[in-house]
Protein chains: 2
Amino acid sequence: MKPIDVFKALSNETRLNILEWLKEPEKHFPKQGAHLPKEVSYKGGVCVGDIQEKAKVSQSTVSSYLNMMQRAGLLESIRHGQWTYYRRNEEIIQELAKYFKTEI
Amino acid sequence: MKPIDVFKALSNETRLNILEWLKEPEKHFPKQGAHLPKEVSYKGGVCVGDIQEKAKVSQSTVSSYLNMMQRAGLLESIRHGQWTYYRRNEEIIQELAKYFKTEI
DNA sequence: TTGACATATCGAGAAATTTAGATGTACAAT
DNA sequence: ATTGTACATCTAAATTTCTCGATATGTCAA
């Protein structure tokens, strides 16, 4: 987890929004989890298409945004069938908050 | 104080370094305060030239970096004679840490 | 007032980021 | 097997950021 990559990931309005939306997925993505069968629970995960719809950017853009945020450590993902679910990596984010408080 | 501007300011190795150096100015800038007469104390302030020397970028670059960081709220400055002293704006930075913890 | 110095601002070319559309890949349903 | 859907990757143009040298501004000292 390189702080610079995190800051770069957060230097964009859309990406920042995505991260905030994913704090309360059920609020911002009403259809959330529609494709996930009960036995595969991925709490807080939202599929790419739903995020794209809300973010109003192209499919390729949202895909690379999510990938970038994942590489920065902000998100984690799981693939289920044809869907990829992304959610916040709260553990890393908490580490980041600590880093910000003590190192910045 | 717009978070995005802060993240942009922190998305650069040199600027991130400057912010960290300014946490311990006396450690990183031995000559610190050489030009400041005693009656004008600006605790933790370091002049542009000293920062430039350590950062190893051009004078214009360091000047615009410092300006950018100030606009983002990370730094504050005071001019004394021909020197401009920059130091961390700890109040804002603390607010930012709180913002990061609660909003990110 | 002139000259020297510290810093700020300007202008421009190089490099990185943004973003979309086209194409590729994997899976599901028929 | 074929088709449709979800997502990833590639390519490229537009925009933004980076970074410098040149120039401008402000201040001090002689």
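Here is the naming used below: chain letters follow the sequence lines, and residue numbers restart at 1 for every chain.
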Find every protein N or O atom lying less than 3.5 Å from an N or O atom of nucleotides 12-17 of chain C, and list the pairs.
from: C/dT17; atom 1: OP1; to: A/K8; atom 2: NZ; distance (Å): 3.1

**Study point:** Within-4.5 Å side-chain heavy-atom neighbours: B/L22 and B/F29
**Key:**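 They are in side-chain contact.
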Check your understanding: Do the non-hydrogen side-chain atoms of B/V48 and B/W83 ever get within less than 4.5 Å of each other?
Key ->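 A side-chain contact under 4.5 Å is absent here.
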Review point. If you find the nucleotide of DNA chain C closest to A/S11 and the one closest to A/G81, which residue's nucleotide is nearer the 5' end?
Key: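 Nearest-nucleotide comparison on DNA chain C picks A/S11.
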Classify [X] by what it touches in the nucleic acid, base, sugar-phosphate, or nothing, heavy-atom distance under 4.0 Å.
X	value
B/V62	nothing
A/S58	base
A/S63	base

Point to revise | Phosphate OP1/OP2 of C/dA8 contacted by B/T84 side-chain N/O (<4.0 Å) | key: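 The answer is yes; a side-chain N or O of B/T84 sits under 4.0 Å from OP1 or OP2.
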Check your understanding: Between the side-chain atoms of A/Q59 and the base atoms of D/dA6, is any donor-acceptor pair under 3.5 Å?
Key ->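 No such pair is found, so the answer is no.
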Point to revise | side-chain contact (heavy atoms from CB on, under 4.5 Å) between B/F100 and B/L96, intermediate numbers included | key: CA-CA 6 Å; B/F100 202 107; B/L96 279 168; over 6 Å; no
Take the protein atom [atom1] of [X] and the nucleotide atom [atom2] of [N], then report the distance between them rounded to whole Å.
X	N	atom1	atom2	value
A/N67	C/dT25	CG	P	17 Å
B/Y65	D/dT17	OH	P	12 Å
A/Y85	C/dC27	OH	P	15 Å
B/I78	C/dT7	CD1	P	14 Å
A/Q52	C/dT19	CD	C1'	12 Å
B/R79	C/dC5	CZ	P	16 Å
B/N12	D/dT16	CG	C1'	14 Å
A/W83	C/dT25	CH2	P	21 Å

Of the listed nucleotides ([options]), which one gets closest to any side-chain atom of [X]?
X	options	value
A/S60	D/dT19, D/dC10, D/dG21	D/dC10
B/Y86	D/dC28, C/dA8, D/dC20	C/dA8
A/V48	D/dA8, D/dG21, C/dT19	D/dA8

Does [X] use its side chain to pair, donor to acceptor, with the backbone of [Y] at less than 3.5 Å?
X	Y	result
B/R88	B/L19	yes
B/R87	B/K23	no
A/E20	B/I104	no

Pair up each side-chain donor or acceptor in residues 63-73 of chain A with any protein partner under 3.5 Å, not counting sequence neighbours, and list the distances.
from: A/S64; atom 1: OG; to: A/T61; atom 2: O; distance (Å): 3.2
from: A/Y65; atom 1: OH; to: A/N12; atom 2: ND2; distance (Å): 3.4
from: A/N67; atom 1: OD1; to: A/R71; atom 2: NE; distance (Å): 2.8
from: A/N67; atom 1: OD1; to: A/R71; atom 2: NH2; distance (Å): 3.2
from: A/Q70; atom 1: OE1; to: A/S77; atom 2: OG; distance (Å): 3.4
from: A/Q70; atom 1: NE2; to: A/S77; atom 2: OG; distance (Å): 3.2

Exercise for review: Please figure out whether B/M68 or A/G49 has its closest DNA chain D nucleotide nearer the 5' end.
Suggested key: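 By nearest-heavy-atom nucleotide position, the 5'-most residue is A/G49.
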Point to revise | Distance, nearest 0.5 Å, that separates NZ of A/K2 from CG of B/L16 | key: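 Nearest 0.5 Å value for the NZ-CG distance: 11.5 Å.
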